[in-house]
Number of protein chains: 2
Amino acid sequence: MADTRRAENHPFVRKIESVALFDLSASERAALAGLPMQMADYETDQDIVVEHERPKRCFAVLSGLAATYKTTQDGRRQVTAYHVPGDVPDFQSLHLEVLDFSICAVSPLRVGFVTHEALRAMFAAEPRLGDAFWRTTLIEGSLAREWMLNNGRRESYPRMAHLFCELMLRLETVGLAVDHSCQLPLTQYELGDALGITSVHVNRILRELRESGLITLSGGRLTIHDWDALAKAGEFDPSYLHLRRLDE
Amino acid sequence: MADTRRAENHPFVRKIESVALFDLSASERAALAGLPMQMADYETDQDIVVEHERPKRCFAVLSGLAATYKTTQDGRRQVTAYHVPGDVPDFQSLHLEVLDFSICAVSPLRVGFVTHEALRAMFAAEPRLGDAFWRTTLIEGSLAREWMLNNGRRESYPRMAHLFCELMLRLETVGLAVDHSCQLPLTQYELGDALGITSVHVNRILRELRESGLITLSGGRLTIHDWDALAKAGEFDPSYLHLRRLDE
DNA sequence: CGGAGTGTTGAGATGCCTCAAGTGAAGTGG
DNA sequence: CCACTTCACTTGAGGCATCTCAACACTCCG
């Protein structure tokens with residue numbers, strides 16, 4: 001009983017259960033929970049992995065927020081994804097040896113490293129888990145496409161509204177948001193890096209959103225006061241998140 | 001001998017050989033070449049699949065160019081990827097049942113449909129092929145991130161330069177470009193949809209690129225006159241394409 | 001010959017950027 | 001406990017990249 005409970009709370013088990021299209025067997029659960037993980041802590045703005053590295057292991061976010069980003073030669077930065085607890089942001093390093101992005105902590109961050117070797121052994125023993133992890137990378141691709149549409153074709157007001165809807169929903173699914181309110185320790189500069197705009201402009205749009213009564217973002221906490229209005233402003237349709245409960 | 005040659009020329013064999021990290025065995029080659037494919041032809045602007053569908057099969061591009069795109073509610077369009085012969089643009093439908101994007105022909109297009117069933121059977125019999133296809137979806141993810149950086153953080157002149165470099169290189173790897181010149185039947189409107197700008201602005205930037213002596217694009221043909229200068233203008237570093245010959 | 005789609009160019013509008021100054025809160029060291 | 005620094009946030013003013021609207025040219029095709 002104690003073992004079962006421990007497995008349920010294991011980040012991998014939680015993640016795969018929320019993503020897989022099947023119910024986990026006892027042995028699959030045990031395989032996930034039994035993965036040898038090496039813990040590590042990072043402070044805000046520290047990089048976990050950087051572009052051009054050839055990692056021999058992946059990591060799972062255990063607590064805190066992480067961001068994948070790339071930069072231009074003159075140092076302009078684009079965040080391409082945010083990662084919440086349970087995510088395995090560099091999972092692709094298992095198949096693409098050279099990283100084409102960096103990942104940094106956007107808050108104090110705890111991660112668990114798992115060697116490629118251990119993951120490959122697990123997938124050999126439990127092939128359905130390989131499919132489930134594959135699914136997670138495909139969902140990340142879906143988010144990327146939605147970001148491209150959002151950043152490419154929406155002005156900054158709806159763009160920001162859309163991002164807040166996505167983050168709130170994703171944080172809710174991992175229990176980090178209640179009543180449309182969550183910790184969101186992003187600086188305005190970082191928000192700009194995700195939205196492709198300037199921190200100055202972030203500030204102005206944020207004020208507009210606040211004055212419209214849709215949200216407040218201060219002290220590292222985001223609160224959505226009018227979800228429906230925000231979703232409408234951001235043309236937010238969560239189907240691209242491929243959440244299981246919405247699939248049925 | 002005749003069989004071997006046929007297998008070599010099969011689009012799946014070519015694609016996987018260019019992407020996989022191992023050399024294909026005879027049985028893997030046979031499995032790929034033996035996949036039952038249903039051919040179909042599309043005219044420019046026709047959709048092959050559309051958002052919210054639940055396809056029971058994937059398709060490979062056999063000849064022509066295809067584009068993945070999404071639209072906002074008011075009909076603004078963002079192209080998120082282009083697909084050259086050999087690509088399997090909706091491969092993810094194998095694991096994500098509902099499509100979150102549409103794919104259309106941007107030129108007369110020939111595709112080959114393969115049922116999910118046949119693909120799954122092949123992966124069960126030849127697990128390494130599953131890994132290789134997985135790799136293709138991860139490479140697509142890498143392209144998506146580079147596009148996000150490009151569209152989010154570069155102005156339209158370098159942005160367009162970057163896109164042309166990518167397309168030329170990808171078309172070269174499938175033998176559709178020689179001497180930095182290739183068929184590229186994109187309208188200026190469509191280019192704008194990929195770059196997140198207006199067709200009017202595409203026209204002006206195109207003129208600048210032409211007047212700088214970097215490229216000409218007319219009559220559906222793109223020619224790069226000064227590759228080094230174009231790559232420099234677009235800050236183009238091909239490592240994100242994960243081409244095998246560049247990996248070593 | 002006429003119509004439709006694409007490309008071209010101009011002129012004015014605007015969303016977002018740049019630069020700059022100033023506020024406020026948190027942390028540090030004397 | 002108070003200067004002092006630092007860093008994020010805030011706001012204004014002017015500039016620029018890109019958009020919108022509009023007219024017109026060109027090519028293809030029925």
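All chains are named by letter (A, B, ...) in the order of the sequence lines, taking the proteins before the strands, and each is independently numbered beginning at 1. Keep in mind that this is a model prediction, so the values were computed, not measured.
- Between A:H225 and A:F164, the ring centre distance reaches or exceeds 6.0 Å.
- Rounded to whole Å, the distance from CG on A:L206 to C1' on C:dC16 is 16 Å.
- Distance CD (B:E208) to P (D:dC16): 15 Å, rounded to an integer number of Å.
- Between A:V200 and B:G196, the residue whose closest nucleotide on DNA chain D is further toward the 5' end is A:V200.
- Annotation: A:H83 is not in aromatic contact with A:F101 [ring centroid separation under 6.0 Å not met].
- Side-chain nitrogen and oxygen atoms of A:T187 include none within less than 4.0 Å of the OP1 or OP2 phosphate oxygen of D:dA8.
- A straight line from CZ of A:R159 to C1' of C:dG15 spans 10 Å, rounded to a whole angstrom.
- For B:S156 and D:dT18, the shortest distance from a side-chain N or O to OP1 or OP2 is below 4.0 Å.
- For the pair B:R154 CZ and C:dC16 C1', the computed distance is 20 Å after rounding to whole Å.
- Distances shorter than 4.0 Å separate none of the side-chain N or O atoms of B:T198 from OP1 or OP2 on D:dT18.
- When rounded to the nearest whole Å, the span between NE2 of A:H201 and P of C:dT14 equals 15 Å.
- Side-chain nitrogen and oxygen atoms of B:R204 include none within less than 4.0 Å of the OP1 or OP2 phosphate oxygen of C:dT9.
- The side chain of B:N203 places no N or O atom within less than 4.0 Å of a non-bridging phosphate oxygen (OP1 or OP2) of C:dG7.
- OP1 or OP2 of C:dT8 sits under 4.0 Å from a side-chain N or O of B:Q188.
- If you measure from atom CG of B:L217 to atom P of C:dG7, you get 8 Å, rounded to the nearest angstrom.
- One interatomic measurement links the two molecules: CG of B:N151 to P of C:dC16, which rounds to 16 Å at whole-angstrom precision.
- Between the CG atom of A:D74 and the P atom of C:dC17 there is a distance of 14 Å, given to the nearest Å.
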